[in-house]
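Below, all heavy atoms of this structure are taken into account, side chains as well, without hydrogens, waters or symmetry copies. Letters go in sequence order (proteins before strands), and every chain restarts at 1.
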Amino acid sequence: MANEVLSGLFEELLQSKPIFINREVLRPSYTPDYLPHRKEQINSLATILVSALRGETPSNILIYGKTGTGKTAVVKYVGKELEETGEKKGTPCSVLYINCEVIDTQYRVLAHLARHFDKEVPHTGWPTDQVYSEFKNAIDARAQTIVIILDEIDKLVKKGGDDTLYNLSRINADLRNTRVSVVGISNDLKFTEFLDPRVRSSLGEEEVIFPPYDANQLGDILEQRARTAFKPDALEPSVIPLCAAFAAQEHGDARRALDLLRVSGELAERAQSNLVKEEHVRAAQNKIESDRVVEVVRTLPTQSKLILYAMVSLYKKGAKDLTTGEVYNLYKRLCRQIDMDILTQRRVTDIISELDMLGIVNAVVVSKGRYGRTKEISVSVPLEQTKATLLEDYRLKTLSMTPVSQTRLYA
DNA sequence: ATTCCACAGGAAGCGACGGCCC
DNA sequence: GGGCCGTCGCTTCCTGTGGAAT
């Protein structure tokens, strides 16, 4: 009996023809074999790295470009080619990729590198220089060229300073058989300002710039992927140009464009349409942004949630351009109300800045003359939806019982 | 020209945690 | 078990500052 119901359920869904053939090629993790509009960058990289195959040390490289301009894909592609050619020619090359957003301290970078050469290194416990020599010995065991790719290298510098880069750029002096070169990828053009001049000059021997894609180029990229991703004629003709146009507004982010196309397809599929239409793209645009906000808010630490809650509450009461002091006052009272530890204002300042960087609020430092200097904060996400998401947290739930309007604003 | 508000944000360091070593 | 080490979230203490008010 239950079977009948279920089979009926699925039959209905199966009747609408699938529009995807392979949606994986639209995901950010997919690396295509062909990278449109990046010939120049691929050639520059290859020209620099080819010295590895001649037994010389390739120059260190810095790569600049915003998110979704194909930096990572290009570097990985060139790296793969280099390894394969090295294999054939008997000049072994290893290309190691590290994302510094995840692996963001010197210890972790070195540990990660050492582990790649089958050394056992604990997550913590060893002195950093021990990990360094472990790595050094591992790679110097046989002659080879090692290319270390540090993606989001600016994150590494911001958190751990330039010690890691200093040590890596000097490592060749300690090696007998092996040569190491470093490829840094950054989306911040100015991050070298904070570097030790020696590190800056050694790391920036060569620079490669990845300009953002324009709408036409994005269109080409989407076109190419859509051929393998969708059934023929599954897209309304205006769909790809529209996705490209939306993404071009977001500083030419190809990842965003592909996401948009994929989600559009999924929405069309869910609506049991056998054609992806313009309306699906517009819906997808909204869905992506709203999903992102909900996800970010949901996974915030409790203290950040409470601070955000305070800001949303003030905003809902009609307050505009909140100041740090206002937010902090309300936050303190909310803390007492639900019996949470009260953080210092110093810490709250930092948390507000973090929320700013996540794009949930907008915080600008302004001076009000005699009335001091503060951050002017505005909430840049939908109020009701955000409040609801915040109240899902069991520690904040009780706040829904007593609306802020019933508590005094200034204690 | 000075004053002075209401903070911003840097520096140092603390304590807890998880994990190493011997 | 005791001595270290790296990391995280946080506090304490601090110096710096743009511009309306005086």
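- Within the cation-pi definition used here (under 6.0 Å to the ring centroid, within 45° of the axis), A:R262 does not qualify as a partner of A:F20.
- Counting only heavy atoms from C-beta on, A:R370 has its side chain closest to C:dA20 among C:dA20, B:dA8, C:dT7.
- Residue A:T105 places at least one side-chain N or O under 4.0 Å from the OP1 or OP2 atom of C:dT7.
- Residue A:I352 contributes atom CD1, which lies 14 Å from atom P of C:dC10 at whole-angstrom precision.
- Between the side chains of A:T349 and A:K375, no donor N or O sits under 3.5 Å from an acceptor N or O.
- Among the atoms of the strands shown, only primed sugar atoms or phosphate atoms (P, OP1, OP2) are found under 4.0 Å from some heavy atom of A:I342.
- Between the OH atom of A:Y371 and the C1' atom of C:dT22 there is a distance of 11 Å, rounded to whole Å.
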TODO: Assign a letter to each nucleotide of nucleotides 13-22 of chain B from its 5' end: B, base within under 4.0 Å of a protein heavy atom; S, sugar-phosphate only; -, no contact.
DONE: -----BBSS-

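- Side-chain N or O atoms of A:N60 include none that pairs as donor or acceptor with a backbone N or O of A:S181 at under 3.5 Å.
- Taking 4.0 angstrom as the limit, A:T324 places a side-chain polar atom (N or O) nearer than this to OP1 or OP2 of B:dA8.
- Contact annotation: A:S367 does not reach the phosphate of B:dC7 (side-chain N/O to OP1 or OP2, under 4.0 Å).
- Residue A:S353 places its side chain closer to B:dG9 than to any other of C:dG6, B:dA6, B:dG9.
- Straight-line distance from the OH atom of A:Y331 to the C1' atom of C:dC10: 11 Å, rounded to whole Å.
- When the nucleotides C:dT17, B:dC5, B:dA8 are ranked by their closest atom to the side chain of A:R373, C:dT17 comes out on top.
- Of the residues A:L330, A:L334, A:L314, the one that meets the side-chain contact (heavy atoms from CB on, under 4.5 Å) test with A:Y309 is A:L334.
- A salt bridge links A:D104 with A:R108: the closest approach of a Lys/Arg side-chain nitrogen to an acidic carboxylate oxygen falls below 4.0 angstrom.
- Using a 3.5 Å distance cut-off with no hydrogens or angles, the side chains of A:T389 and A:R298 do not pair a donor with an acceptor.
- Comparing B:dC7, B:dG9, C:dT7 by their nearest atom to the side chain of A:Y107 picks out C:dT7.
- Where A:G372 and A:R346 each meet DNA chain B at their nearest nucleotide, the meeting point lying more 5' is that of A:G372.
- Without hydrogens or angle criteria, A:R115 side chain to A:V121 main chain gives a donor-acceptor distance under 3.5 Å.
- Considering only side-chain N and O atoms, A:K375 lies under 4.0 angstrom from the phosphate OP1 or OP2 of B:dG9.
- Closest contact between the side chain of A:R108 and the listed nucleotides C:dA21, B:dA8, C:dC8 involves C:dC8.
- Distance CD (A:Q345) to P (C:dT12): 13 Å, rounded to an integer number of Å.
- Separating the CZ atom of A:R347 from the P atom of C:dT11 is a distance of 8 Å, rounded to the nearest angstrom.
- Proximity of a side-chain donor or acceptor of A:Y331 to a complementary backbone N or O of A:L343 within less than 3.5 Å is detected.
- Residue A:L306 contributes atom CG, which lies 12 Å from atom P of C:dC10 at whole-angstrom precision.
- Here B:dA8 presents its P atom at 15 Å from CE of A:M357, a figure rounded to the nearest Å.
- In this entry the distance linking CD1 of A:I351 with C1' of C:dG9 reads 9 Å, nearest Å.
- The side chain of A:T344 contributes no N or O atom lying less than 4.0 Å from OP1 or OP2 of C:dT12.
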